[in-house]
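Everything below concerns the one structure shown next.
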Amino acid sequence: MGIMLDLRQAVIHKVHGQDNQGLRSMIEGSVDGPEAALPGLGVMFEMMWKQLDRTKQDELIGIVSQQLKTAELKPLL
């Protein structure tokens, strides 16, 4: 049987101990970067989401909703 990798824990281990600039670099390097970086951003988003109160979650949903309305849809290949 193979080794099971817990993606959440792998991401947390990778960024644990990073200062704010290190976290910023990781996020900015992942945004518009290779798709392999997207799960890491998802884990970071999940961690943040869990700590936000309902008002902040609603605010964030509003931002995402606005971005989706203006997003350019490209054909799926």
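Once rounded to the nearest 0.5 Å, the distance linking CG of Leu60 with OG of Ser65 reads 11.0 Å. Between atom CE of residue Met44 and atom NZ of residue Lys14 there is a gap of 10.5 Å, rounded to the nearest 0.5 Å. Atom CE in Met48 sits 11.0 Å away from atom NZ in Lys56 (nearest 0.5 Å).
For the residue pair Ile12 and Val43, the shortest heavy atom distance occurs at CG1-CG1, 4.4 Å. Here the shortest heavy-atom pairing between Pro39 and Leu7 reads CB-CD2, 3.6 Å.
Within 6.0 Å of CG on Asp58 lie more than 12 heavy atoms contributed by other residues, nucleotides or ligands. The number of heavy atoms from other shown groups lying within 6.0 Å of CG (Asp53) is above 12.
Follow the hydrophobic side-chain contacts under 4.5 Å out from Val15 and you reach Val31 in the same cluster. Hydrophobic cluster membership is shared by Ile61 and Phe45, with clusters built from Ile, Leu, Val, Met, Phe, Trp and Tyr side chains linked at under 4.5 angstrom. Under the 4.5 Å side-chain heavy-atom criterion for Ile, Leu, Val, Met, Phe, Trp and Tyr, Leu23 and Leu38 are members of the same hydrophobic cluster.
For Glu46, the side chain to side chain donor-acceptor pair (under 3.5 Å) partners two or more places apart in sequence, or in a different chain, are Arg8.
Contact annotation: the side chain of Glu59 never approaches that of Leu52 to less than 4.5 Å [non-hydrogen atoms, C-beta and beyond].
With hydrogens and angles disregarded, a donor-acceptor distance shorter than 3.5 Å links the side chain of Ser30 to the backbone of Met26.
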